[in-house]
Amino acid sequence: MYNESRGRSETRFPDTSHTMPQPTPPESLSWQGDRLGSLKLIDQTLLPTELKIIDCQNADTVWEAIKMLRVRGAPAIGIAAAYGLCIGLKTLPTNADLDAFRTRLDEVAEYLASSRPTAVNLFWALNRMKAKAESLYHTGNVPAIWDALFAEAQAIHDEDRHICRAIGRFGQEFIKDGSTWLTHCNAGGLATADFGTALAVFFTAAESGKTIHVYADETRPLLQGARLTTWELMQRGIQVTLICDSMAAWVMRQGKIDGVVVGADRIAANGDTANKIGTYGVAVSAKAHGIPFYVAAPVSTFDLTLTSGSEIPIEERSAEEICEGFGKRTAPEGVRVYNPAFDVTPSELISGIITECGIISPVNRENVERMVKTLH
Ligand code: MRU
């Protein structure tokens with residue numbers, strides 16, 4: 001029966017991605033010009049049917065792009081916010097004094113911070129930018145501080161590329177040639193500067209010559225898995241099979257999955273991890289089936305100010321995303337809806353956290369603190 005169902009699904013959804021490698025996908029974010037330039041973003045809400053680049057010329061456009069998930073994924077949100085701060089400063093006259101500069105910087109930072117609550121990379125990037133400015137206020141040299149802030153945003157962007165590659169190198173050690181993996185949501189190049197976190201593990205394994213197969217959960221309600229993860233994996237020539245979220249446990253029971261890798265939006269000091277809604281269910285299923293469950297995330301995703309996952313703020317989004325996703329009404333008008341965008345996976349369900357500095361395993365407070373502090 002299992003083979004029969006496997007055969008049917010492969011006939012209906014022929015997977016030819018491995019025979020047709022595509023060019024590397026375009027960058028999710030890029031900056032054009034000097035410090036008075038603009039931020040170009042792939043509008044991820046339109047993928048995979050339309051590849052449109054939006055040009056953010058003011059802080060409102062950046063805020064809206066983050067809020068509406070045109071740019072999404074924890075590291076990408078942080079990078080967008082850092083550039084967004086530079087864009088918000090453009091309303092200042094070129095001869096602005098230090099007080100005006102400082103007031104505007106705080107105002108834009110607070111505004112951008114209000115766009116989404118869960119991914120800590122947003123606040124991490126804004127705080128890093130503010131700390132850079134604060135370290136230079138004593139000079140009183142506004143143009144120089146402005147230049148330094150722009151350089152800081154570029155550094156955040158550039159560092160993320162190296163971080164993704166390092167996560168990929170550490171994580172690919174877990175991937176055996178010929179193995180099959182499951183991922184949830186999109187933690188790929190679109191969600192970062194270029195290579196992803198969870199998907200970097202697969203990309204690096206493939207680059208090192210391993211043949212792998214990835215099952216992608218579609219990720220209700222906004223379908224980041226169906227729309228973005230499959231697109232990226234196919235673009236890079238990795239075999240991918242799309243499943244509905246509700247199929248993951250059954251696919252594990254059928255023995256099709258060797259391991260799970262997902263990304264993260266915020267990791268508390270004890271290792272409890274917030275990620276896209278549905279991740280917790282995947283972790284519970286993986287535990288029940290004896291399948292290793294890994295989280296891949298940069299150190300900037302850890303929030304050591306929170307002792308456990310119960311303190312992580314969970315974004316709630318509109319009812320329309322569930323009842324009228326992508327323009328089609330799928331539930332009665334007026335139905336009560338609950339739409340948390342993230343959930344928290346307790347650390348005891350996580351086999352290891354793959355960071356740019358190495359692997360945290362077992363996942364506990366002591367090991368998390370040791371790893372995060374190596375970078376500070
Ligand atoms: O709501 P989204 O699409 O921004 O949620 C994204 C996720 O949950 C990702 O898994 C996470 O941000 C890691 S991205 C490297």
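Positions are given from 1 along the sequence. As a basis for the values below, the full set of heavy atoms in this structure was taken, side chains included, without hydrogen atoms, waters or symmetry mates. Each ligand, and each atom within it, is numbered from 1 in the order the structure gives.
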Identify, for [atom], the protein heavy atom at the shortest distance, and state residue, atom and that distance.
atom                    : value
atom 15 (C) of ligand 1 : T197 OG1, 3.2 Å
atom 4 (O) of ligand 1  : R116 NH1, 2.9 Å
atom 11 (C) of ligand 1 : D265 OD1, 3.2 Å
atom 9 (C) of ligand 1  : N275 OD1, 3.4 Å

Check if N186 has a non-hydrogen atom at a distance under 4.0 Å from any atom of ligand 1.
-> yes

Does ligand 1 have any atom that is closer than 4.0 Å to a heavy atom of A341?
-> no

Closest non-hydrogen atom pair, V120 against T301 = CG1-O, 3.4 Å

Provide the closest heavy-atom pair for D217 versus T219 in the form atom of the first, atom of the second, distance.
-> O-OG1, 2.9 Å

Find all atoms of ligand 1 within a distance of less than 4.0 Å from any non-hydrogen atom belonging to [X], and give their numbers and elements.
X    : answer
P75  : 14 (S), 15 (C)
C185 : 5 (O), 6 (C), 7 (C), 8 (O)
A187 : 14 (S), 15 (C)
F342 : 1 (O), 5 (O), 8 (O)
Q224 : 1 (O), 2 (P), 3 (O)

Is it the side chain (CB and beyond), the backbone, both or neither of [X] that lies under 4.0 Å from ligand 1, heavy atoms counted?
X    : result
H184 : neither
K276 : both
V262 : neither
A74  : both

For D194, which of H157, R161, R165, H162 qualifies under side chain to side chain donor-acceptor pair (under 3.5 Å)?
-> R165

Flag, side chain of [X] to backbone of [Y], donor-acceptor distance under 3.5 Å:
X    : Y    : result
K210 : Q172 : yes
R329 : A331 : yes
T197 : A297 : no

Between the side chains of Q57 and D55, is a donor N or O closer than 3.5 angstrom to an acceptor N or O?
-> yes

Sub-3.5 Å N/O-N/O distance, R72 and ligand 1 = yes

Kindly confirm or rule out an N or O of T192 lying under 3.5 angstrom from an N or O of ligand 1.
-> no

Got a list of side-chain donor-acceptor pairs under 3.5 Å for residues 92-99, not counting sequence neighbours?
unit_1, atom_1, unit_2, atom_2, d
D97, OD1, D99, N, 3.3
D97, OD1, A100, N, 2.9

Note: heavy atom closest to atom 13 (C) of ligand 1, options A264, A191, G73, belongs to A264

Under 3.5 Å, which donor-acceptor pairs link side chains of residues 143-153 to any protein atom two or more places apart or in another chain?
unit_1, atom_1, unit_2, atom_2, d
D147, OD1, R35, NH1, 2.9
E152, OE2, R128, NE, 2.8

In Å and rounded to the nearest 0.5 Å, what is the CH2 to OH distance from W181 to Y294?
-> 5.5 Å

Might you confirm whether atom CZ of F123 has over 12 heavy atoms from other residues, nucleotides or ligands at distances under 6.0 Å?
-> yes

